S.K.: 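My questions will all concern the structure given below.
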Number of protein chains: 2
Amino acid sequence: MVHYQVRLDTTFAALSDVTRRGVLEQLGGSDASITDLAQRFHMTLTGMKKHVSILEQAGLVTTEKVGRVRTCKLGQRRLEEEAAWIEQHRQLWSARFDALDELVEHLKRKEKADAQRKRR
Amino acid sequence: MVHYQVRLDTTFAALSDVTRRGVLEQLGGSDASITDLAQRFHMTLTGMKKHVSILEQAGLVTTEKVGRVRTCKLGQRRLEEEAAWIEQHRQLWSARFDALDELVEHLKRKEKADAQRKRR
DNA sequence: TCTACAGTGAACCATATGGTTCACTATCAG
DNA sequence: CTGATAGTGAACCATATGGTTCACTGTAGA
């Protein structure tokens, strides 16, 4: 899938900002308005609105405006794809490093054997 | 930790580019030179060098130059922190949505009961 | 030694990002 | 109706990003 890659792009990009990760943590505790978030992160309303839009774009947050206040909550996307990507690569990493470990172990054993052979 | 946040910043930023994720997958298969990678991703040497530097900066890749060729391999960092962050928030997500599910279930039951009461 | 090759660094470019201010709309409370 | 409040959008700004070209260094091979 092509879109899959675009999705990872936008999500990881969304997560690469401290403020936005902070907003997610905040929303994990309770829903909040733009004003709430703007205050908590010492930022203008406009600035926070942008961050929220980016999170919304990435599907990590959903918002609903009732009256004049827009309430933000955690979105439906639960980072499955991202977790999957990272997990997959952690396994790759591990596999490669395990192979390296084995090689090292093998060399150690060989070295030991050689040393013993030499001693005889 | 303050540095912890900076680290997440740089790692997620590193992962937010298709090319760089591609390089990681590539290196998961086998080590490669800058030239190899540049060719595979249709890019100039200079361009690829930049990507590799970013990945190296994030600790996801290590490189060693022997002779005139610089060989790139997967780095020591295995995305533990990032996986942890995501997992933590997936749990948060889940907790909140589970609570929502329960609420919905509760309302459903209540509705059903009300309907029955009315029918009598 | 001569030539080709791998990488590097500086300069440059277009576009994206993270933030602001300012002017505006819409809603709430009295 | 009026004033304060919440959000929005356009314009602007500085800096970062992803890429290029070009000139350069260092190494490998014939």
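Please read these numbers as outputs of a predicted model, since none were measured by experiment. Residue numbering restarts at 1 for every chain, and letters A, B, ... go by the order of the sequence lines.
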S.K.: Quantified as the angle between the terminal helix axes (five pairs each), what is the overall bend of the helix from C:dT1-D:dA30 to C:dG30-D:dC1 to 10 degrees?
M.R.: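 Helix axis angle between the two ends: 30°.
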S.K.: Please list residues of residues 63-73 of chain B whose heavy atoms come under 4.0 Å from any atom in DNA chain C, ordered by number; otherwise none.
M.R.: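 Per residue number, the list reads B:Lys65, B:Arg68, B:Val69, B:Arg70.
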S.K.: Which side-chain N or O atoms in residues 25-32 of chain A pair as donor and acceptor under 3.5 Å with protein atoms at least two apart or in another chain?
M.R.:
from: A:Gln26; atom 1: OE1; to: A:Arg40; atom 2: NE; distance (Å): 3.3
from: A:Asp31; atom 1: OD1; to: B:Arg96; atom 2: NH1; distance (Å): 2.9

S.K.: In chain order, what residues pass the side chain to side chain contact (heavy atoms under 4.5 Å, CB included) check against B:Gln88, with sequence neighbours excluded?
M.R.: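 With neighbours one apart ignored, the set is empty.
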S.K.: How many whole angstroms separate atom CG of A:Leu45 from atom P of C:dA26?
M.R.: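 Those two atoms, CG and P, are 17 Å apart.
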S.K.: Contact list please: residues 25-39 of chain B against DNA chain C, heavy atoms, distance less than 4.0 Å, in numerical order.
M.R.: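 Those residues are B:Ser33, B:Ile34, B:Thr35.
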S.K.: Would you mind telling me which of B:Thr11, B:Leu74, B:Val23, B:Val52 makes a side-chain contact (heavy atoms from CB on, under 4.5 Å) with B:Leu60?
M.R.: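 Of B:Thr11, B:Leu74, B:Val23, B:Val52, side-chain contact (heavy atoms from CB on, under 4.5 Å) with B:Leu60 is met by B:Thr11 alone.
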S.K.: Under a 3.5 Å distance rule, please check whether B:Arg21 uses its side chain to pair with a backbone N or O of B:Leu15 as donor and acceptor.
M.R.: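 Side chain of B:Arg21 to backbone of B:Leu15, a donor-acceptor pair under 3.5 Å: yes, one is there.
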S.K.: For A:Met48 and C:dG19, give me the distance from atom CE to atom P, rounded to whole Å.
M.R.: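 In whole Å, C:dG19 P and A:Met48 CE are 8 Å from each other.
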S.K.: Heavy atoms, side chains only, cut-off 4.5 Å: are A:Trp85 and B:Leu24 in contact?
M.R.: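 Yes. Closest side-chain heavy atoms under 4.5 Å.
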S.K.: B:Met48 vs B:Thr19, test: side chain to side chain contact (heavy atoms under 4.5 Å, CB included). Steps then yes/no.
M.R.: CA-CA 9 Å; B:Met48 181 48 73; B:Thr19 303; 4.2 Å; yes
S.K.: Enumerate all atom pairs, one protein N or O and one N or O from nucleotides 9-17 of chain D, separated by less than 3.5 Å.
M.R.:
from: D:dG9; atom 1: O6; to: A:Thr46; atom 2: OG1; distance (Å): 3.0

